[in-house]
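Single-structure report; data block below.
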2 protein chains.
Amino acid sequence: MRNMNKKISLVVIRRLPRYYRYLGELLNQNIKRISSKELSEKMNVTASQIRQDLNCFGGFGQQGYGYNVEELYYEIGTILGLRNGYKTIIAGAGYLGHALANYAGFEKRGFKTIGIFDSDPAKIGGQAGGVTIYNVADMGDFLKENPADIGILAVPKMSTKAVVDEMVKGGIKGLLNFSYVDLDVPDDVVVENVHLSDSLMTLSYLVREKKKMSKDGGGL
Amino acid sequence: MRNMNKKISLVVIRRLPRYYRYLGELLNQNIKRISSKELSEKMNVTASQIRQDLNCFGGFGQQGYGYNVEELYYEIGTILGLRNGYKTIIAGAGYLGHALANYAGFEKRGFKTIGIFDSDPAKIGGQAGGVTIYNVADMGDFLKENPADIGILAVPKMSTKAVVDEMVKGGIKGLLNFSYVDLDVPDDVVVENVHLSDSLMTLSYLVREKKKMSKDGGGL
DNA sequence: TAGATTGTTAATCGATTAACAATC
DNA sequence: TAGATTGTTAATCGATTAACAATC
């Protein structure tokens, strides 16, 4: 029960979901305890890093024993805010919006999608992943009645700005951004970007490097 | 024209697509030249970092002038391998597969989707984003006839392993992984993960932190 | 030429790893 | 108790920033 103050680095935070995932796997396999060493071998990171990361949030382990899988899984979930019952809305009911609405992973981790918004009359009134699709023009009113925490942006680039402004005005505090543009939001709103084409370009670079390497001295 | 050897850090690579994006924007606005300082202000990074990053690949600028936007845009594109005509295939013709097949951003950056694969007889023979959907059972044969460089994984977790093995056997050298599981691939294959639920969990943490901060001493 | 801005070296900062005493 | 493994401090490594001479 240390920390309290000391700001925790974002690189540590970004590793937590991966730990959470592996612990969930262990839990499925009915494994009760794990040492940082064993976990580090499974995950291809150093045991030191695992221990350092976890100790940012408190001493979850026990000397000579390791970590209790179920407890650690639970604790990391709490740290990540998975027990806060965050409500999400999705802007855009295209293929991507549908994919996200149907994605079981979100619900399973405690996020509840309460509305999807689009401007296409053919879609409005329909459903995606069991959630109703509303007119995006009514999003502001909807948020007044049904406060939400997280907004997911699955709209075309040109609609992004207007939708973001409306969401922020409506009290949304976090944005998951699939749009190609970077967002400009007030200080009290956080953004997490998922730039698909950035990922593909990075991959492209890496593929090219690999091919180059295997051509010349690939032996060693 | 330095480098040649000296391995370039992945953190640098991951910034290139963002530079590329901003330069494309400037190009659209018909801006001819830009200094590292101006660009740094637009992008919210330090000018020093931009210069350091670019100098990993060569001296693209000119003292007293800055960088030629068009030239730099072109050069970064080359570095990223966007002029290699990489062919991609998509596994999974669900909503996500459709979203990716329809995503103009990929084609615009020089990636060509040559096939989509699914196991659902109702989908096989159809199209997504103008590309034919084939039986995933025929993927191996397809790759023999139509070599591809990059495979995009938009299949459910349980199908992932089999699909990956088939892709690797078929000569795919890079995987864009949307699946929840981490992949186990040979040394000469690279993987770029897009874990949507990881992003959402990170966002969840950040939202929680912000809320905490605005509650207590949010004034300063 | 004078002014501007790069390319690059050196200084700082932060993140990772190693080591080990504390302790279950 | 002896063995194992944590929590934590110290050492190393890498990434970012600052500074400035080179030069367009």
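Note on naming: letters A, B, ... go to the chains in the order of the sequence lines (proteins, then strands), and numbering restarts at 1 for each one.
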Which part of the nucleic acid, if any, lies within reach of B:Ser48 when heavy atoms closer than 4.0 Å are counted: base, sugar-phosphate only, or nothing? base

In chain order, what residues pass the side chain to side chain donor-acceptor pair (under 3.5 Å) check against [X], with sequence neighbours excluded?
X	value
A:Arg14	A:Glu192
B:Lys112	none
A:Glu38	A:Ser35
B:Lys32	B:Asn30

Do A:Thr88 and A:Thr113 have a side chain donor and acceptor closer than 3.5 Å?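 Yes, side-chain donor-acceptor contact under 3.5 Å.
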
Check ion pair B:Lys169-B:Asp165 (N to O, under 4.0 angstrom): no

Does a side-chain N-to-carboxylate-O contact under 4.0 Å join A:Asp53 and A:Arg15?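 So A:Asp53 pairs with A:Arg15 through a salt bridge.
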
ring-ring contact (aromatic ring centres under 6.0 Å, His included) partners for B:Tyr19, two or more places apart: none

According to a strict under-4.0 Å criterion, is [X] in side-chain N/O contact with OP1 or OP2 of [N]?
X	N	answer
A:Thr46	C:dT16	no
B:Arg51	C:dG7	no
B:Tyr67	C:dA4	no

Side-chain heavy-atom pair A:Val164, A:Leu175 within 4.5 angstrom cut-off: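 Touching, per the 4.5 Å side-chain cut-off.
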
Under 4.5 Å between any side-chain heavy atoms of B:Val185 and B:Val190, yes or no? no

Throw together a table of side-chain donor-acceptor distances under 3.5 angstrom for residues 57-74 of chain B, partners on residues two or more places apart or in other chains.
residue: B:Asn68; atom: OD1; partner: B:Glu70; partner atom: N; Å: 3.0
residue: B:Asn68; atom: OD1; partner: B:Glu71; partner atom: N; Å: 2.9
residue: B:Tyr73; atom: OH; partner: B:Tyr20; partner atom: OH; Å: 3.3

Heteroatom pairs (N/O) under 3.5 angstrom, protein to nucleotides 11-15 of chain C:
residue: C:dA15; atom: OP1; partner: A:Ser9; partner atom: OG; Å: 3.1

State whether the distance check finds a donor on one side and an acceptor on the other, under 3.5 Å, for side chain A:Gln52 versus base D:dT6. no

What residues in residues 16-38 of chain B put a non-hydrogen atom under 4.0 Å from any atom of DNA chain D?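 None, since no heavy atom is under 4.0 Å.
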
May I have all residue pairs that pass side chain to side chain donor-acceptor pair (under 3.5 Å) and include part of residues 90-108 of chain B, sequence neighbours excluded?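 Sorted pair list comes back empty.
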
Does any pair with a residue in residues 174-188 of chain A pass side chain to side chain donor-acceptor pair (under 3.5 Å), and if so which ones, sequence neighbours excluded? A:Thr160-A:Ser179, A:Lys173-A:Asp188, A:Asn177-A:Asn193, A:Tyr180-B:Arg109, A:Asp182-A:His195, A:Asp182-B:Arg18, A:Asp182-B:Arg21, A:Asp182-B:Tyr22

Interatomic distance, [X] [atom1] vs [N] [atom2] [rounded to whole Å]:
X	N	atom1	atom2	answer
B:Asn68	C:dT5	CG	P	15 Å
B:Leu39	C:dT5	CG	P	13 Å
B:Ile50	C:dT5	CD1	P	13 Å
A:Leu72	D:dT6	CG	C1'	13 Å
B:Phe60	C:dT6	CZ	C1'	14 Å
A:Leu54	D:dG7	CG	C1'	11 Å
B:Asp53	C:dG7	CG	P	12 Å

Could you write out DNA chain C as a dot-bracket string, with dots for unpaired bases, | for bases paired across to another strand, and Watson-Crick or G-U pairs counted at under 3.5 Å? ..||||||||||||||||||||||

Please produce a list of atom pairs where a protein N or O lies less than 3.5 Å from an N or O of nucleotides 21-24 of chain D.
residue: D:dC24; atom: O3'; partner: B:Gln62; partner atom: OE1; Å: 3.0
residue: D:dC24; atom: O2; partner: B:Gln63; partner atom: O; Å: 3.2

Between B:Leu196 and A:Phe106, is the side chain to side chain contact (heavy atoms under 4.5 Å, CB included) condition met? List the steps. CA-CA 9 Å; B:Leu196 303 182; A:Phe106 289 172; 4.2 Å; yes

